[in-house]
Amino acid sequence: MTRALQRQDFAGDAVDVARSLIGATLLVDGVGGLIVEAEAYDMTDAAAHTHRGPTERNRAMFGPPGHAYVYFNYGLHWCLNFVCRESGHGAGVLIRALQPTHGLDRMRQRRGLDDERLLCAGPGRVGQALGITKALYGLPLDEPPFVLRAPDATGAIEVIAGPRVGISKAQALPWRFGLAGSRYVSRRF
DNA sequence: AAGTAGATGTTCT
DNA sequence: GAACATCTACTTA
């Protein structure tokens, strides 16, 4: 059994937190898996929702670390982020892909798909598979329905980095992190 | 294998 | 009214 992540584990820089989350376990109501892809966003970064300061939508990102920031994207997809740094910094990590380990049946129901590899390979897919909605907005990550556990330390975790996906600004920053060799990432690095 | 179009609704200018 | 931290289905090869 690995260590449960505490709110303090999210107090660091978003880039550091994103890297350290690769290999961690994320469950929502018992459904989820290993985080194999995540991206960092920060107020100093033109691609971030928080770049222009606090708004109604991004309010949670300016709150305390270790909480959920959920947003509705392209009119279709719910995406899950973890708030980082101390309050006021507008930093966070977008969960982009999981290797499914828990509640595969539930994921298949919600996704209407059989292929394990496509259940959580992308932020919108993660949102659908885990049942992410506005109801989770601002909730702490160290309490139900969330379960977050540190990566299993028995195996070395090889993390690779690259440019983020689907943004039109700050494209050069290598703030996308992934588990090397994983077939569950949304795209190759 | 790679590229394009369409869906769909909230946020911000 | 444009942009948007995306996904799917469909085309072309």
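The distance between atom CZ of A:R59 and atom C1' of B:dC12, rounded to the nearest whole Å, is 17 Å. The CZ-P distance, from A:R57 to C:dA5, rounds to 7 Å in whole Å. Note: NZ (A:K134) to C1' (B:dT10) measures 9 Å, nearest angstrom. Protein atom CG of A:L119 is 10 Å distant from nucleotide atom P of C:dT8, rounded to whole Å. The nearest whole Å value for the distance from the OH atom in A:Y74 to the P atom in C:dA2 is 16 Å. Here C:dT6 presents its P atom at 14 Å from CG of A:L80, a figure rounded to the nearest Å. Counting to the nearest Å, the C1' atom of C:dC4 and the NE2 atom of A:H51 are 16 Å from each other. Between A:F82 atom CZ and C:dA5 atom C1' the separation is 15 Å, expressed in whole Å.
Ion pairing between a basic and an acidic side chain is recognised when a charged N comes within 4.0 Å of a carboxylate O; A:R7 and A:E143 show such pairing.
For the 3.5 Å distance criterion, the side chains of A:E37 and A:Y184 fail to qualify, holding no donor opposite an acceptor.
Contact between the side-chain N/O atoms of A:S168 and the OP1/OP2 oxygens of C:dA3 is not found at any separation under 4.0 Å. Using a 4.0 Å cut-off, no side-chain N or O of A:R52 falls inside it from OP1 or OP2 of B:dT11. One finds no side-chain N or O of A:H77 lying less than 4.0 angstrom from the OP1 or OP2 phosphate oxygen of C:dC7. Put simply, A:R111 has a side-chain N or O that comes within less than 4.0 Å of OP1 or OP2 on C:dT8. Taking 4.0 angstrom as the limit, A:R125 places a side-chain polar atom (N or O) nearer than this to OP1 or OP2 of C:dT8.
For C:dA5, the base has a donor-acceptor partner in the side chain of A:Y71 [N/O atoms by modelled type, under 3.5 angstrom].
Comparing A:N58 and A:F72 by the nucleotide of DNA chain B that holds the closest heavy atom to each, the one mapping nearer the 5' end is A:F72.
Contacts of A:L94 with the nucleic acid, taken as non-hydrogen atoms under 4.0 Å apart, include base atoms. Within the nucleic acid shown, A:T55 comes within 4.0 Å of sugar-phosphate atoms alone, with no base atom in reach, counting heavy atoms only. At a threshold of 4.0 angstrom between heavy atoms, the contacts of A:R187 with the nucleic acid are absent. In this structure, A:G124 reaches the sugar-phosphate backbone alone: every heavy-atom distance under 4.0 Å involves primed, P, OP1 or OP2 atoms, never a base.
Each of A:V28, A:L130, A:D29 was scored for a side-chain contact (heavy atoms from CB on, under 4.5 Å) with A:F146, with one residue passing: A:V28.
In this entry B:dA5 has C:dT8 as its Watson-Crick or G-U wobble partner, both defining distances falling under 3.5 Å.
Ring orientation note: the planes of A:H49 and A:Y71 are nearly perpendicular, at an angle over 60° on the 30°/60° scale.
For the pair A:R59 and A:Y137, the cation-pi test (distance below 6.0 Å, angle within 45°) is failed.
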